[in-house]
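Being a predicted model, the structure only gives us computed values, none of them experimental.
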Amino acid sequence: MSTATLNFPNFLEGVPESDQRAILPELEEMKVAWDAEEGLVPQAALKEIFKMSHQGASALPGRYGLTEYRFFGKNWYSKRECEALHKLKRHTGGKGHNMAAMVRDCLDDARKD
């Protein structure tokens with residue numbers, strides 16, 4: 001996963017001006033979250049980022065306590081937290097629960113920085 005700085009995309013491109021007013025407040029709120037989290041990752045991308053099944057990727061946010069945002073009817077997660085999680089070796093099986101607790105603690109510490 002790349003740690004490059006992501007610029008906020010121009011989501012208004014191609015949207016008729018008459019429709020832009022309706023989505024502008026949510027887009028502004030998303031921009032604030034984007035800046036705070038150094039980017040946002042759509043839930044649909046988690047499967048590819050972490051090279052796991054759809055079911056496993058769907059469980060990641062709850063299991064590791066990722067900060068979740070909801071914009072335009074889709075779930076988005078902190079890019080900073082996803083990068084931190086991606087760097088860790090996640091175990092499966094019996095010890096996975098202990099690892100999940102440790103990762104949640106690490107992510108809580110990362111949020112304080």
So, taking the atom named [atom1] in [X] and the one named [atom2] in [Y], what distance separates them when rounded to the nearest 0.5 Å?
X	Y	atom1	atom2	answer
K31	F11	NZ	CZ	11.0 Å
R80	L85	CZ	CG	13.5 Å
F71	E29	CZ	CD	5.0 Å
L40	E81	CG	CD	10.5 Å

What's the shortest heavy-atom distance between [X] and [Y], and which atoms?
X	Y	answer
L46	C82	CD2-SG, 3.9 Å
Y69	A33	CE2-CB, 3.6 Å
P25	A22	CD-O, 3.8 Å
L66	Y77	CB-CD2, 4.0 Å
L12	Q20	O-NE2, 3.6 Å

| said: Between M30 and F72, does the side-chain contact (heavy atoms from CB on, under 4.5 Å) criterion hold? Intermediate values first, please. | reply: CA-CA 9 Å; M30 185 179 189; F72 302 106; 3.9 Å; yes

| Taking the six-membered ring for Trp, is the centroid-to-centroid distance between F8 and W34 below 6.0 Å? |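 F8 vs W34: aromatic centres under 6.0 Å.
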
| query | Can you name the salt bridge (Lys or Arg N to Asp or Glu O under 4.0 Å) partners of K47, sequence neighbours left out? | reply | none

| request: Inspect the contact between K87 and E83 and indicate whether a charged nitrogen and a carboxylate oxygen are less than 4.0 angstrom apart. | output: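 No, E83 and K87 are not salt-bridged.
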
| request: Over 60° means perpendicular and under 30° means parallel, so classify the ring planes of H86 and F50, tilted if in between. | output: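 F50 and H86: tilted rings.
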
| Mind checking whether W76 and K74 have side chains closer than 4.5 Å, heavy atoms only? | yes

